[in-house]
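These notes are about the structure you will find just below.
Side chains included, hydrogens not; waters and symmetry mates left out as well; all remaining heavy atoms used.
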Amino acid sequence: MDASPGGAGSPPAAPPPAGPTPTAPAGAGPTSASGVLPRRVHAGYALGSLATGAFGTVPGLLLLPYLTDTLGVAAGAAALLVLLPKAWDVLVNPVAGRISDRTRSRWGARRPYLLVAGLALGVLFAAIFAAPFGAGPAAGAYVAFAFLATATAFAFFQVPYVAMPAELTGDYAERTRLMTWRIAVLALAILVSGAVAPLVRDAGGGGVPGHRWMGLFVAGLIVLGAVGAFLGTRSAPGGTVGESEPTLRAQLAVAARNRPFRALLVCFVVQSAGVATVLAGVNYFADQILRDPKGGPTVLFACFVGPALLVMPLWTRVGARVGKLAALVAASLIFAVGALALVAAPVLPPLAVYLLVALIGVGYAGQQVFALAMLPDCIAYDTARTGRRQAGVFTGLWTAGETFGLALGPGIFGLVLQLSGYVSSDTGTAATQSGTARLGILLGFTVLPALLVGLAVLALRPYDLTPARLAAATPTPTPHPRTHPADHAVVVGEESR
């Protein structure tokens with residue numbers, strides 16, 4: 001029997017929460033009494049990470065250099081163009097969560113958004129790199145508008161997607177297993193999209209034409225992931241529209257009162273910004289520090305993400321032994337130590353640089369696994385306390401914070417470039433840079449993410465959610481839960497009977 005990541009041995013599964021009891025849609029295969037899900041549901045749900053991984057990676061990796069070195073946008077302005085559209089998600093994501101919480105359809109509350117928003121996300125992503133106005137200010141404005149529309153579509157895909165684990169199973173350990181599948185596919189998606197996208201760009205001739213081909217390639221990955229998740233979860237348990245707070249403001253207040261969720265969210269947002277500075281700096285670091293603008297970005301990215309595929313089972317065992325919280329702290333510190341050591345890259349041999357990047361990747365893998373495994377625990381804790389099903393609100397806040405963090409990283413890195421005197425170009429090739437600009441790139445790629453990821457663990461001090469605490473918070477189930485009438489829900493497809 002597998003040990004739970006929540007501590008040594010196998011903790012008791014969390015009892016079903018009070019309030020509305022999730023039910024399976026027509027034709028769904030039920031879970032076992034222990035809450036264990038079929039592997040086809042694990043795999044199907046995980047496929048959605050092809051979409052989240054591709055969108056979460058490629059803009060952070062290529063959009064800033066696309067603006068500065070292909071469209072000729074100044075580094076400071078490019079930083080704002082990358083930051084502001086995603087900052088919009090801070091407002092959109094909670095709304096998307098509330099809408100999905102109140103949706104009724106023959107496909108369940110979440111799955112319609114996986115399909116519709118996922119397809120829109122793919123089309124709009126390709127539009128970001130279409131460059132209908134060539135280079136210059138008009139091209140930058142177009143990118144900002146297209147990126148804003150894409151971020152909105154992503155909100156309506158990601159929020160329902162992230163909300164699903166808390167409703168698929170009530171078992172504490174099973175949620176970690178589900179997240180392990182998801183993070184494994186996420187790591188693969190990040191590796192494929194991040195390592196192959198630059199190769200597709202270069203094979204397409206670089207510059208504007210190469211970025212157009214790259215946009216189409218990544219759009220294909222997004223559509224594959226969205227359709228795969230929609231089809232792969234068709235036999236998974238779903239949930240009815242349960243009673244929740246009557247207004248969005250009231251729901252946000254409930255989330256604010258969830259102390260474990262609040263601590264975890266702050267930590268994850270700051271750490272996402274740290275991870276995003278690494279992604280934003282890969283091309284600049286390979287070009288200006290390693291002097292390898294062609295193969296360097298792909299090798300660096302493979303070293304960063306590749307270890308995640310190898311160490312995922314190891315991190316699961318670590319979590320089973322020491323608990324999710326301690327494992328998250330350990331992974332974060334590994335990331336920070338590796339990033340700080342990388343500041344010596346100008347005097348290190350390339351092999352040593354790549355090994356340090358791999359060490360950062362080991363920490364990144366654990367940080368992602370345990371943060372995402374702790375989120376459903378926080379949602380289940382709220383459901384147990386309140387008896388209301390509002391996973392979409394929590395995941396809306398979570399994904400808004402994550403998206404903001406992933407946008408803040410490139411924004412900060414772009415600001416560092418601007419302050420250090422980075423010179424933009426509209427030729428598709430980086431201009432010659434000063435020593436000060438190269439120093440800014442080095443510090444932005446190493447010291448800055450180390451501080452963000454390492455110091456963020458201090459925010460976890462109030463986090464005290466354990467399997468025993470989660471079980472103790474569960475009240476006696478209510479025999480006859482109330483549900484919203486149909487006219488208070490969003491109806492998609494056939495109305496649920």
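Between the CG atom of N283 and the CG atom of L300 there is a distance of 9.0 Å, given to the nearest 0.5 Å. From I222, atom CD1 reaches atom CG of L124 across 9.5 Å, with rounding to the nearest 0.5 Å.
Taking the six-membered ring for Trp and the full ring otherwise, the centers of Y364 and F335 sit at least 6.0 Å from each other. Annotation: F261 is not in aromatic contact with Y463 [ring centroid separation under 6.0 Å not met].
Seen from the ring of F230, R111 counts as a face-on cation partner, given the 6.0 Å and 45° thresholds.
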Could you check D382 against R257 for salt bridge (charged side-chain N to carboxylate O under 4.0 Å, His left out), going step by step and ending with a plain yes or no?
CA-CA 9 Å; D382 176 78; R257 290 194 294 269; over 6 Å; no

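V275 is listed as a side-chain neighbour of Q367, based on a closest heavy-atom distance under 4.5 Å.
Ring geometry for F154 versus F55: interplanar angle of 30 to 60°, hence tilted. Ring geometry, F157 versus Y161: the interplanar angle falls under 30°, so the pair is classed parallel (tilted spans 30 to 60°). By the 30° and 60° cut-offs, the orientation of the rings of F268 relative to W398 is parallel.
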List the atom pairs, donor and acceptor, that lie under 3.5 Å between side-chain atoms in residues 189-206 and the rest of the protein, sequence neighbours left out.
{"unit_1": "S193", "atom_1": "OG", "unit_2": "A189", "atom_2": "O", "d": "2.6"}
{"unit_1": "S193", "atom_1": "OG", "unit_2": "I190", "atom_2": "O", "d": "3.4"}

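In terms of the side chain to side chain contact (heavy atoms under 4.5 Å, CB included) criterion, residue partners of A144 (sequence neighbours excluded) are, by chain and number, L81.
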